[in-house]
Amino acid sequence: MLNRYARGFFTALFTPLARLLLKWGVTPDAVTITGTIGVAAGALVFYPLGQLFWGTVFITLFVFSDVVDGIMARMKGHGGLWGNFLDSTLDRIADGALFTGVAIWFFTGGENPAIAIAALACLVLGMLVSYARAKAESLGFTANVGLAERAERLVSVLVVTGLTGLGLPEGVLLAVLVVLAAASLVTVYQRVRAVRRQSLAAKPAS
Ligand SMILES: CCCCCCCC/C=C\CCCCCCCC(=O)OC[C@H](COP(=O)(O)OP(=O)(O)OC[C@H]1O[C@@H](n2ccc(N)nc2=O)[C@H](O)[C@@H]1O)OC(=O)CCCCCCC/C=C\CCCCCCCC
Ligand SMILES: O=P([O-])([O-])O[C@@H]1[C@@H](O)[C@H](O)[C@@H](O)[C@H](O)[C@@H]1O
Ligand SMILES: [Mg+2]
Ligand SMILES: [Mg+2]
């Protein structure tokens, strides 16, 4: 939903930056790779140290590279298969690092294994959500539906983790992660159902 409604706004916001980077000779792939390294480093360095607020600030500085790379690619007229593959594959690294960082902290110094387990559930189910779309698209179907697409997953985990670092009770983080895990599971179901419908419609009448 966010992807559909907020994309126009963020594209307009980041177009000047994308234009500047292209002028400096930076490539979309370099932005994709740098952004992923930034998100993963922020999540795997700050979060395991219990720096939930500053980790979130650091990650937020890099996470929008995922919007900027696409704008740059389209400006160059280069939006193609390689870029699509690189972008989606590195997104999985960023997503994995984000929830792993939260889990590491709450399994160790944060001493709240329920939050750590909820973060791991979000990690696994979020990967399943993305896999369902990727597999569907590889078979010629579309599965761009669902309650908890990537933008929703990122916004919810980043906002609530950052606020927890500022003193929000940990129970809220736990509740948001549990709801996110449930919404991810529903999204997997929605995508499976969408592909099932398309596959039935594609069958020749017998
Ligand atoms: C100045 C900063 C403002 C900060 C505002 C913060 C408020 C945030 C509030 C709401 C945030 C809502 C964010 C929603 C964004 C959704 C818009 C969007 O576009 O989403 C999709 C993007 C990009 O997805 P994708 O990568 O698939 O698309 P691309 O456009 O890149 O296109 C892909 C194609 O491009 C080609 N290509 C790509 C790369 C390449 N190397 N070569 C190529 O050729 C190829 O054809 C590809 O197929 O993605 C996201 O999902 C990113 C979402 C980011 C969401 C960040 C959320 C952060 C939110 C809040 C953090 C706040 C923390 C506050 C702390 C609080 C503590 C007090
Ligand atoms: O499928 P999902 O995770 O909800 O959402 C995302 C897609 O919107 C995006 O096009 C792709 O580049 C991402 O890697 C991610 O897969
Ligand atoms: Mg991108
Ligand atoms: Mg992406």
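Both backbone and side-chain heavy atoms feed into the values below; hydrogens, waters and symmetry mates do not. Here the structure is a predicted model, which means the values were calculated and not measured. In each ligand, atom 1 is the first atom listed, and ligand 1 is the first ligand listed.
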Any link between Val157 and Leu163 through a network of hydrophobic side chains (Ile, Leu, Val, Met, Phe, Trp, Tyr) touching at under 4.5 Å? yes

Quick check on Leu20: does its CG atom have over 12 non-hydrogen neighbours (other residues, nucleotides or ligands) under 6.0 Å away? yes

Shortest heavy-atom approach to atom 3 (O) of ligand 2 - which of Ser184, Gly83, Ser130: Ser130

Are the side chain of Thr161 and the backbone N or O of Leu52 linked by a donor-acceptor pair below 3.5 Å? no

Path from Leu22 to Phe14 over hydrophobic side-chain contacts below 4.5 Å: yes

Indicate yes or no: at least one non-hydrogen side-chain atom of Phe10 is less than 4.5 angstrom from one of Leu2. no

Considering only protein heavy atoms, which is closest to atom 12 (O) of ligand 2, and at what distance to one decimal place? Ser88 OG, 3.1 Å

Say whether Val129 and Leu123 are linked into one hydrophobic cluster, either directly or through other cluster members, by side-chain heavy-atom distances under 4.5 angstrom. no

In terms of ring plane angle, is the pair Phe46 and Phe58 parallel, tilted or perpendicular, where the classes change at 30° and 60°? tilted

I need the nearest protein heavy-atom contact for atom 14 (O) of ligand 2: residue, atom name and distance, please. Asp91 OD2, 2.7 Å

Suppose I only count heavy atoms of Asn3 and a 4.0 Å limit; which atoms of ligand 2 are within that range? 8 (O)

Considering Glu152, Glu137, Arg133 one by one, which has a heavy atom nearer to atom 7 (C) of ligand 2 than any of the others? Arg133

Check Asp87 and report its N/O/S atom nearest to the Mg ion (ligand 3), by atom name. OD2

Taking the Mg ion (ligand 4) as the vertex, what is the angle from OD1 of Asp66 to OD2 of Asp91, given to 10 degrees? 130°

Over 12 foreign heavy atoms within 6.0 Å of NZ, Lys76: yes

Using only N, O or S atoms, tell me which atom of Asp69 is closest to the Mg ion (ligand 3). OD1

So, for atom 10 (O) of ligand 2, does the protein have a heavy atom nearer than 4.0 Å? no

I'd like to check whether Glu149 has a polar contact with ligand 2, where a contact means an N/O of the residue lying under 3.5 Å from an N/O of the ligand. no

For atom 16 (O) of ligand 2, the option (of Arg150, Arg92, Arg191) bearing the nearest heavy atom: Arg92

